[in-house]
S.K.: 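Submitted below is the structure of interest, expressed as structure tokens.
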2 protein chains.
Amino acid sequence: MKPGNNELIDRCRPVRTILSRVGDKWSVLIVIALREGPMRFNEIKRAAEPISQRMLTLTLKGLERDGLVSRTVTPSKPPRVDYELTALGHSLREPVEALGRWAFDHHAEIDDAQTRFDEAELASE
Amino acid sequence: MKPGNNELIDRCRPVRTILSRVGDKWSVLIVIALREGPMRFNEIKRAAEPISQRMLTLTLKGLERDGLVSRTVTPSKPPRVDYELTALGHSLREPVEALGRWAFDHHAEIDDAQTRFDEAELASE
DNA sequence: CTGCATCCAGCGCGATACTG
DNA sequence: CAGTATCGCGCTGGATGCAG
């Protein structure tokens with residue numbers, strides 16, 4: 001086996017971890033929602049509808065743990081919590097938006113491919 | 001509610017679909033493995049270790065359905081099946097590799113952030 | 001308003017065994 | 001070699017209720 005083969009996996013390990021963040025159901029949506037400035041919990045919830053409260057909490061905590069989002073509590077009454085992209089979070093937007101553009105540009109092709117595939121499958125059954 | 005809010009979701013819907021492909025556990029690994037040319041089923045399996053046979057089959061079928069990978073059967077004995085990136089599949093490599101570079105460049109920062117977060121969490125318990 | 005705890009259904013995915 | 005079929009566990013994620 002050529003050495004290159006195993007390096008593929010090794011070099012991809014950290015990448016895979018991050019891709020699962022990016023690929024999870026809500027992370028990207030939240031990162032994009034926060035692109036123009038800080039937002040409060042329920043603002044994000046409305047912007048990212050139909051996210052459930054539970055998943056918003058969990059996703060925000062994950063993003064905060066990864067250092068992509070900062071959380072600021074203002075202990076007023078009622079309490080106020082603002083979320084904002086960190087510098088790291090903003091730097092992630094560039095490659096993510098590139099992927100978004102790709103998706104936008106090609107989703108018609110993908111739809112077509114899927115339709116053709118499904119029809120071919122039906123025909124052979 | 002401002003109209004802008006819903007556009008966010010609507011414009012992201014096709015994007016989200018594609019992000020789930022990209023974010024799933026094996027798709028990207030396979031796309032990268034195929035970057036230099038066609039490979040046979042078991043070649044990919046070895047390159048993408050420790051993928052299970054089941055997941056390789058399913059992932060390849062998904063990629064084929066999306067038009068990212070083509071499947072060519074040579075009915076010899078034993079049978080031979082080659083998988084290869086389509087033009088669409090190759091075009092996906094660019095944004096994916098950009099994301100990969102971002103992940104590679106920043107995974108140390110993310111590790112640090114996670115460590116700090118986890119320590120802060122421990123301290124407060 | 002913000003967020004955690006609990007319960008619960010669905011299915012992603014791995015292990016294993018079998019076919020052409 | 002290249003799949004398909006089946007089973008089962010664990011995690012994801014939704015609904016609801018409670019707390020600060």
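Note that this is a predicted model, so its numbers are computed, not measured. Residue numbering restarts at 1 for every chain, and letters A, B, ... go by the order of the sequence lines. The basis for the numbers below is simple: all heavy atoms, side chains too, and nothing from hydrogens, waters or symmetry mates.
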S.K.: What are the two closest heavy atoms between A/Met39 and A/Ala33, and how far apart are they?
M.R.: SD-O, 3.4 Å

S.K.: Please round to the nearest 0.5 Å and tell me the distance separating atom CG of B/Leu99 and atom CD of B/Glu94.
M.R.: 13.0 Å

S.K.: Can you measure B/Glu49 atom CD to C/dG14 atom P for me and round it to whole angstrom units?
M.R.: 12 Å

S.K.: When rounded to the nearest 0.5 angstrom, what is the spacing between CH2 in B/Trp102 and NE2 in B/His107?
M.R.: 11.0 Å

S.K.: Whole angstrom is fine here: how far is it from CG in B/Leu56 over to C1' in C/dG12?
M.R.: 16 Å

S.K.: Between C1' on C/dC11 and CE on B/Met55, what's the gap in Å once rounded to a whole number?
M.R.: 11 Å

S.K.: Rounding to a whole Å, what distance do you find between A/Arg46:CZ and C/dT2:P?
M.R.: 8 Å

S.K.: Roughly, in whole Å, what's the span from CG in A/Leu60 to C1' in C/dC1?
M.R.: 14 Å

S.K.: Expressed in angstrom and rounded to an integer, what is the separation of A/Asp82 atom CG from C/dC1 atom C1'?
M.R.: 12 Å

S.K.: For a quick test of reading the model: is some side-chain N or O of A/Tyr83 closer than 4.0 Å to OP1 or OP2 of C/dG3?
M.R.: yes

S.K.: Select base, sugar-phosphate, or nothing to describe what A/Thr57 touches, counting heavy atoms under 4.0 Å on all strands.
M.R.: sugar-phosphate

S.K.: Decide whether B/Phe117 and A/Val31 are clustered together by the hydrophobic rule: side chain heavy atoms of Ile, Leu, Val, Met, Phe, Trp, Tyr closer than 4.5 Å, transitively.
M.R.: no

S.K.: Is the shortest side-chain heavy-atom distance between B/Gln114 and A/Asp66 below 4.5 Å?
M.R.: yes

S.K.: Please give, in whole Å, the distance from C/dG12 C1' to B/Ile51 CD1?
M.R.: 13 Å

S.K.: For the pair made of NZ in A/Lys45 and C1' in C/dC1, what is the distance, rounded to whole Å?
M.R.: 13 Å

S.K.: With a cut-off of less than 4.0 Å, is there a side-chain N or O of A/Arg71 near OP1 or OP2 of C/dG3?
M.R.: yes

S.K.: Using 0.5 Å steps for rounding, measure from the CD1 atom of B/Ile30 to the CG atom of B/Leu63.
M.R.: 6.0 Å

S.K.: Compare the minimum distances between each of C/dC4, C/dC1, C/dG14 and the side chain of A/Pro79, then state the nucleotide with the smallest one.
M.R.: C/dC1

S.K.: How long is the gap from CG on B/Leu60 to CD1 on B/Ile51, to the nearest 0.5 Å?
M.R.: 7.0 Å

S.K.: Is B/Lys25 touching bases, backbone alone, or none of the nucleic acid, heavy atoms closer than 4.0 Å?
M.R.: sugar-phosphate

S.K.: Please list, in 5' to 3' order, the outermost nucleotides of DNA chain D lying under 4.0 Å from any heavy atom of chain A.
M.R.: D/dG13 to D/dG20

